[in-house]
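Please read the structure below before turning to the comments.
Both ligands and their constituent atoms are indexed starting at 1 by order of listing.
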Amino acid sequence: MCGIFGAVTPGHEAGRVAALGLFALQHRGQESAGLAVSDGNQLMVYKDLGLVAQVLDERRLPSLRGELAIAHCRYSTTGSTVWENAQPTLRLGPRRAIAVGHNGNLVNTRVLLASLTGGRSRLPASTDTELLTALLADEPAADTVDALVRVLGRVHGAYSLVVLDERRVIGVRDPHGFRPLVLGRLPADSGAEHGGAEPGPPNEPAMADGWVIASETAAIEVVGAEVIRDVEPGEIVVLEPGRPPRSVRFAEPRPATCVFELIYFARPDSYLEGRNLYEARRRMGMELAREQPAVADLVMPVPETGAPAAAGYAEAAGLPYREGMMRNRYAGRTFIQPSQGLRQRGVTVKLSPIREVVRDRRLVVVDDSIVRGTTTRAIVALLRRAGAAEVHLRISAPPILHPCFYGIDTQVDTELVAATHSVDEVCEFVGADSLGYLSVEGVLAGLDLPYEAFCFACFDGGYPEPVPYDATDRKFLLEEGPSHDG
Ligand code: SF4
């Protein structure tokens, strides 16, 4: 999972808008951040390891000039957290200069690498995004959009992209639409920063309007833009100063949005598939209470992502809702840290129980997932040490049984506690008094959307895009060749 943002701001610095939008996407990737800008003639990239606020600060932004910008924050699934692997990537080809920000994983990296003239030695970084950028820069088609159409016809897997050439910002969503991508309009009268011209009539963009594209609606709204629509699976959206967005279809849509985006990854104030994610998660919590009741004194979330589902559980169960743990907001998310050692150490830094709430109480503790089980185990132990009488763990998603190949850090089945243990065994491992998961049907009831709209592969193994090599040696393969970005 990564965060991507693109901005076209006629008459104004797009870099500032893109950096602000990227702040709102920090939860999607915390390993590196970067910004690419174009002044109409030349591309410039600045990127580094660290959080958005550390990388894109006031000292850097003034030198990143231009009306066109893309930005990216990275979460890697394999490969090192090194400067070279930060994005946006930049490539100067014979036909074009191009910068790319990518959210997702390609699944035919080896085949694509074989088609790259000069092979692996030409790639300065070890990400599939670097490979994709090289293929796009090499493509002989004169126009970047034509180059995208030709190259993407050979690319399989998950990719939401922001692409920058000298004159345009281009948004791309793969035919399955695994990762979200949203288009927004920054009205010309939205304030001094972007203003001056009279606004056009509704739905008829004024020439001076700005345009933005982002992983989530929350980032669109943060920069003062209005959400227009999702970029469709299999669609390219071209943004140019002084023109309305242009849509190019490059593949038939076969929608399979990652359902985990709705359950957990995306911000609760974002909208996806027409659903506000706080409300969707609250309703999933209500379904969870119906499917997995517990005799308890109160309901509490694992902060912060478990909160909407916990509120729904409490509402449906008629139990009080309390915050029994506090999260240190500045310590990052445990799931997103790159190493297991850091994850385990991180729990006590990030979460602390509120003794007055949990002592001598029978708790329903609601979380949105159990991946490896080690974080959950540490949380249960914290609550017991704080005096909890009973801990009934309720998960607002089904058990994760299969690895994700489309941009999430669950590489092999052996890393997934539910893939190798029964529910009772997982319950014993994490040290809870009881454990209950929400069913696939319960997730869909909460969303009020059909199964066919989503990828549920990590729950039921139904991969929408065939994965052409064995999961067990993927890490080794990728260490030899390009790695994958989230
Ligand atoms: Fe999302 Fe799971 Fe599908 Fe990966 S396998 S895209 S995490 S639903």
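In summary, E235 and R249 do not engage in a salt bridge, as defined by a charged side-chain N under 4.0 Å from a carboxylate O. Note on R110 versus D128: no salt bridge recorded, every NZ/NE/NH1/NH2 to OD/OE distance being 4.0 Å or above.
By the 6.0 Å and 45° rule, R377 stacks over the aromatic ring of F429.
The distance from ligand 1 to the heavy atoms of C455 drops below 4.0 Å at these ligand atoms: 3 (Fe), 5 (S), 6 (S), 8 (S). Applying the 4.0 Å criterion to heavy atoms of I408 picks out, from ligand 1, the atoms 7 (S). Those atoms of ligand 1 with a heavy atom of Y406 less than 4.0 angstrom away are 6 (S). Listed by number with element, the atoms of ligand 1 under 4.0 Å from a non-hydrogen atom of C258 are 1 (Fe), 6 (S), 7 (S), 8 (S).
Atom 2 (Fe) of ligand 1 has C458 among its coordinating residues (N/O/S atom, backbone or side chain, under 2.8 Å).
Rounded to the nearest 0.5 angstrom, E221 CD and E226 CD are separated by 10.0 Å.
When ring centroids are compared, F178 and Y159 stay outside the 6.0 Å threshold.
Heavy atoms of R179 found under 4.0 angstrom from ligand 1 belong exclusively to the side chain.
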